[in-house]
Student: 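I have a structure I would like to understand better, so I am pasting it below and will then ask my questions one at a time.
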Protein chains: 4
Amino acid sequence: MTTTGAERVQRRSERSRRAILDATYELLDEVGYQALTIEAIAARAKVGKQTIYRWWGSKSAVVLDVFLERSSSAVPPDGPTLDVTLKRRAERFIEVFHRTPLGRNLGVLLGEAQADDELRAILVDQWFGPRRESIRSTLVEAQERGELRSDLDVDTIIDAIYGPLWYRMAFAHAEVDVAFAHEVVDAVLQGVRAGGS
Amino acid sequence: MTTTGAERVQRRSERSRRAILDATYELLDEVGYQALTIEAIAARAKVGKQTIYRWWGSKSAVVLDVFLERSSSAVPPDGPTLDVTLKRRAERFIEVFHRTPLGRNLGVLLGEAQADDELRAILVDQWFGPRRESIRSTLVEAQERGELRSDLDVDTIIDAIYGPLWYRMAFAHAEVDVAFAHEVVDAVLQGVRAGGS
Amino acid sequence: MTTTGAERVQRRSERSRRAILDATYELLDEVGYQALTIEAIAARAKVGKQTIYRWWGSKSAVVLDVFLERSSSAVPPDGPTLDVTLKRRAERFIEVFHRTPLGRNLGVLLGEAQADDELRAILVDQWFGPRRESIRSTLVEAQERGELRSDLDVDTIIDAIYGPLWYRMAFAHAEVDVAFAHEVVDAVLQGVRAGGS
Amino acid sequence: MTTTGAERVQRRSERSRRAILDATYELLDEVGYQALTIEAIAARAKVGKQTIYRWWGSKSAVVLDVFLERSSSAVPPDGPTLDVTLKRRAERFIEVFHRTPLGRNLGVLLGEAQADDELRAILVDQWFGPRRESIRSTLVEAQERGELRSDLDVDTIIDAIYGPLWYRMAFAHAEVDVAFAHEVVDAVLQGVRAGGS
DNA sequence: CATTAATCGAGACGGTACGTCCAGTCTTTTG
DNA sequence: CAAAAGACTGGACGTACCGTCTCGATTAATG
């Protein structure tokens with residue numbers, strides 16, 4: 001029985017991996033996604049370009065890894081009622097988008113993903129998916145408790161809340177603040193609450 | 001009132017302008033926004049690169065002009081009731097996004113705009129703004145007719161409808177079809193209809 | 001009888017001609033022949049580029065005109081003896097080459113002429129020729145007075161004097177000063193003086 | 001003794017260096033120095049432009065290297081007497097100037113050097129210098145054998161021979177043939193021969 | 001004296017080449 | 001033997017000028 005690729009010792013240098021991801025994070029903050037170059041990452045990380053290409057293959061792949069690693073998946077604690085929970089989640093989302101280097105570049109990365117199916121797939125599966133799943137289970141529980149109309153598609157509810165937030169952030173045609181987040185959550189809940197209308 | 005420098009004769013070549021915009025449109029369709037280069041536009045349009053830089057200055061500026069010029073601002077005819085009108089609008093939006101070269105590249109352009117305030121401003125003012133305004137006036141009329149609750153911000157309603165559509169199109173985590181559009185419009189109207197709740 | 005093109009009056013603007021030649025002279029001094037551009041001349045002279053191309057056709061042609069116009073054809077007064085006369089001429093040549101904007105650029109212009117037969121022809125005929133002719137007649141007179149061997153080609157003598165001077169100036173491998181000029185003139189005269197060896 | 005940065009291994013690709021120099025030589029022959037472009041060299045050599053800029057930095061630098069490498073430093077065998085030796089050298093010089101691609105472009109390169117001190121320095125030190133040195137030693141030997149007057153500067157003699165040849169070639173106001181070369185050598189030797197005059 | 005056509009300043013035009021930057025690959029030591 | 005270092009081909013960038021081509025606006029001889 002021979003050694004398979006899978007069993008092969010990982011010869012990958014952890015030191016290099018760390019340096020690359022850290023350099024990318026820093027540069028992302030300093031110059032933004034567009035101006036980020038593989039060459040600059042390699043230089044900052046004191047790493048050969050080949051080492052980056054060996055393990056990632058493109059700028060977006062490295063950045064995506066930084067996103068997956070850095071962006072806290074910590075979720076704000078549930079509130080006493082569903083609307084408070086959802087509002088806290090929405091506030092956290094706005095906070096991240098506005099205040100963190102990753103958030104500020106998420107829009108560009110999403111733009112990039114429009115033309116790169118692989119990138120989009122990973123982005124949706126690895127980053128967006130888990131966050132969505134967490135909200136989804138909260139909503140499903142509420143539905144099971146009878147707080148939400150049972151005929152509604154939970155995914156539609158999620159999109160109805162986060163869609164408007166993304167929309168405003170992408171176009172920046174209006175302020176995306178806590179007030180707007182509350183307004184949206186309230187409006188949606190009003191429409192979907194069991195016994196409503 | 002005297003002749004100002006601004007009134008100076010337009011020496012700009014209409015022939016070149018047309019050729020550039022047409023070439024850009026074709027290439028946008030053929031290779032997409034990311035792979036589009038100024039050099040290729042110049043070659044296709046049989047124009048010197050300088051002529052492009054003289055009047056636009058960047059790839060995104062040219063593409064934006066193509067958008068503004070090409071994207072029909074024609075609006076589907078109003079329906080018998082508000083929900084039909086809004087559904088028709090939403091369907092048109094989906095149609096454009098899915099089927100036209102411009103629509104397919106709008107997402108990338110919007111991503112680009114995340115890091116380019118000038119581009120975003122123009123995109124919002126020239127493209128997005130007029131389309132929004134048209135829907136806004138429809139909603140305001142409905143509100144004045146008493147069909148919508150008078151305490152609601154019309155802009156929020158628009159975002160509540162188009163936000164989810166954009167959201168799904170950007171992430172492509174679920175199909176954006178006519179059914180979804182109807183679902184969203186219905187949900188929103190249900191919450192905002194006068195006498196509701 | 002109709003007016004033919006040939007008889008047509010010259011409508012050429014003297015103002016423009018002057019401005020162009022002056023601007024060229026200044027720029028030649030400031031940036032040198034190589035860095036000189038038609039565009040810069042036109043800008044400095046406040047003249048359309050076309051006006052330059054209409055009357056000259058190339059950078060070298062304009063510069064050549066400046067040379068022909070500016071370079072004094074004044075010749076130092078003859079000395080009491082042939083050697084003094086020749087030495088004065090050589091000194092003047094060195095002076096011009098070292099101290100005037102034209103002289104400093106003459107080498108480059110000559111280099112240009114290596115690949116441009118028309119330029120070389122004009123340079124030789126208009127600039128170089130007359131200066132040579134003046135020395136030639138001096139030498140011929142000396143030969144007629146019997147001061148020079150009658151079997152010698154006067155042109156060879158001229159080349160024997162000016163060749164070494166140009167040579168040193170072109171390569172700059174050694175100083176081209178008055179001492180060297182005297183040394184060369186003396187050496188040549190020694191070999192060509194009538195009754196010598 | 002430790003390894004200094006200077007001792008660093010040469011990673012330069014010999015394959016590219018060769019291809020660049022060969023392409024330059026060919027193009028120099030085909031289109032001449034003036035029409036030669038870095039872009040054309042890169043294309044012909046199938047090399048990135050950057051590789052040329054990395055190691056040379058300018059058109060003239062590449063061409064100079066071609067000169068230094070290609071131009072045979074082989075010297076015609078000495079003749080039985082000094083005048084024959086010098087004549088053979090002069091003939092060789094004329095031959096090279098007229099018949100080889102390098103010679104034909106030497107004049108232009110020298111013109112270029114008028115405005116580029118670094119180029120001129122290299123040209124003088126690397127190309128012109130060695131050739132001159134060879135003649136110099138021949139003359140010094142002759143002087144030591146007592147064939148030449150001991151009070152003469154050998155450098156002046158060299159300039160007295162080659163100056164007139166260059167001069168005629170640069171201006172092309174008269175034919176530079178073997179006859180003229182002989183005439184010049186004879187004239188100079190006549191003036192400098194020991195016991196002469 | 002008005003007409004009229006060449007010339008003018010201005011500057012846009014199609015092009016070519018520049019010198020730079022970075023992508024992604026290949027090669028040569030070093031640890 | 002993988003990683004760093006960095007040279008390599010390739011291609012697009014944005015700029016500078018080239019020489020040509022309109023544009024009205026003089027301008028000077030002619031009709």
Side-chain angles (χ1 to χ4, degrees), chain A residues 9-13 15-17 19 35-43 45-59, chain B residues 8-17 19 35-43 45-55 57-59, chain C residues 2-3 5 7-13 15-17 19 35-43 45-59, chain D residues 3 8-17 19 35-43 45-55 57-59:
Chain A
V9 192
Q10 268 300 43
R11 321 278 223 114
R12 181 170 187 178
S13 155
R15 202 211 129 273
S16 297
R17 205 188 67 90
L36 186 68
T37 66
I38 294 279
E39 217 139 70
I41 296 173
K46 292 186 177 306
V47 138
K49 283 204 287 177
Q50 199 55 241
T51 303
I52 300 179
Y53 282 110
R54 201 174 351 254
W55 303 108
W56 285 278
S58 75
K59 178 169 83 164
Chain B
R8 268 199 159 291
V9 197
Q10 268 297 45
R11 330 273 229 100
R12 183 169 186 176
S13 156
E14 176 56 23
R15 204 210 129 273
S16 297
R17 205 188 66 91
L36 185 68
T37 66
I38 294 277
E39 216 139 72
I41 297 174
K46 289 183 180 307
V47 138
K49 281 201 288 177
Q50 199 60 234
T51 301
I52 300 180
Y53 283 111
R54 189 159 21 238
W55 302 109
S58 74
K59 180 170 80 163
Chain C
T2 56
T3 309
E7 308 176 18
R8 271 216 158 284
V9 192
Q10 272 299 42
R11 325 266 231 109
R12 180 171 187 176
S13 156
R15 202 211 128 273
S16 297
R17 204 189 66 91
L36 187 67
T37 66
I38 294 278
E39 218 138 70
I41 296 173
K46 290 184 177 305
V47 138
K49 283 203 288 177
Q50 198 56 239
T51 302
I52 300 180
Y53 282 110
R54 195 168 5 247
W55 304 109
W56 285 278
S58 74
K59 177 169 84 164
Chain D
T3 307
R8 269 204 158 288
V9 195
Q10 270 299 43
R11 329 268 233 104
R12 182 171 187 174
S13 155
E14 176 55 22
R15 202 210 130 273
S16 297
R17 204 188 67 91
L36 185 67
T37 65
I38 295 277
E39 217 140 70
I41 296 173
K46 291 184 179 305
V47 138
K49 282 201 288 177
Q50 198 60 230
T51 301
I52 300 180
Y53 283 110
R54 188 161 20 239
W55 303 109
S58 75
K59 179 169 81 164

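All heavy atoms count here, side chains included; hydrogens, waters and symmetry mates do not. The chains referred to below are lettered A, B, ... by the order of the sequence lines, with proteins before strands, and numbering in each begins at 1.
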Student: Nearest to the side chain of D:K49, heavy atoms from C-beta on, is which of E:dG14, E:dT20, E:dA12?
Tutor: E:dT20
Student: Indicate yes or no: at least one non-hydrogen side-chain atom of D:R17 is less than 4.5 angstrom from one of D:W55.
Tutor: no
Student: Say you draw a straight line from OG1 of C:T51 to NZ of C:K46; how long is it, rounded to the nearest 0.5 Å?
Tutor: 14.0 Å
Student: Which nucleotide sits closest to the side chain of C:T51: E:dT25, E:dC13, E:dC8?
Tutor: E:dC8
Student: So, taking the atom named CD in B:E39 and the one named CD1 in B:I52, what distance separates them when rounded to the nearest 0.5 Å?
Tutor: 9.5 Å
Student: In whole Å, what is the span from the CD1 atom of B:I41 to the C1' atom of F:dC13?
Tutor: 13 Å
Student: Check this for me: does the side-chain of D:R11 come within 3.5 Å of the base of F:dA5 through a donor and an acceptor?
Tutor: yes
Student: So, is C:S16 near the phosphate of E:dG9, with a side-chain N or O under 4.0 Å from OP1 or OP2?
Tutor: yes
Student: Distance check needed: E:dT16 C1' versus B:K46 NZ, whole Å only.
Tutor: 16 Å
Student: Check whether any side-chain nitrogen or oxygen of C:W55 sits under 4.0 Å from OP1 or OP2 of E:dC8, and answer yes or no.
Tutor: yes
Student: Mind calculating the distance between CH2 (A:W56) and P (E:dG24) to the nearest angstrom?
Tutor: 15 Å
Student: By nearest nucleotide on DNA chain F, pick out whichever of B:Y53 and D:A45 is the more 5' one.
Tutor: D:A45
Student: Between P on F:dG11 and CD on D:E39, what's the gap in Å once rounded to a whole number?
Tutor: 12 Å
Student: Output the rounded distance in Å from NZ (A:K59) to C1' (E:dA23).
Tutor: 11 Å
Student: How close or far is atom P of F:dG10 from atom CD1 of D:I52, stated in whole angstroms?
Tutor: 12 Å
Student: With nearest nucleotide decided by heavy atoms, which residue, C:I38 or C:Q50, maps closer to the 5′ end of DNA chain F?
Tutor: C:I38
Student: Whether C:R15 contacts E:dG9 is assessed here as follows: a side-chain N or O lying under 4.0 Å from the phosphate OP1 or OP2. Is that the case?
Tutor: yes
Student: Taking the nucleotide of DNA chain E with the closest heavy atom to each, which residue, A:G57 or C:V47, is nearer the 5' end?
Tutor: C:V47
Student: Write down the atom of C:S58, the atom of C:I38, and the distance for their closest heavy-atom approach.
Tutor: C-CD1, 4.2 Å
Student: What heavy-atom pair brings C:K49 and C:A42 nearest, and what distance separates the two atoms?
Tutor: CG-CB, 3.9 Å
Student: Nearest-Å distance, CZ (C:R17) to C1' (E:dC8)?
Tutor: 16 Å
Student: Side chain of C:T37, heavy atoms from C-beta onward: which of F:dC17, F:dA3, E:dA10 has the nearest atom to it?
Tutor: F:dC17
Student: At less than 4.0 Å, is any side-chain N or O atom of C:R54 found next to OP1 or OP2 of E:dC8? Yes or no.
Tutor: yes
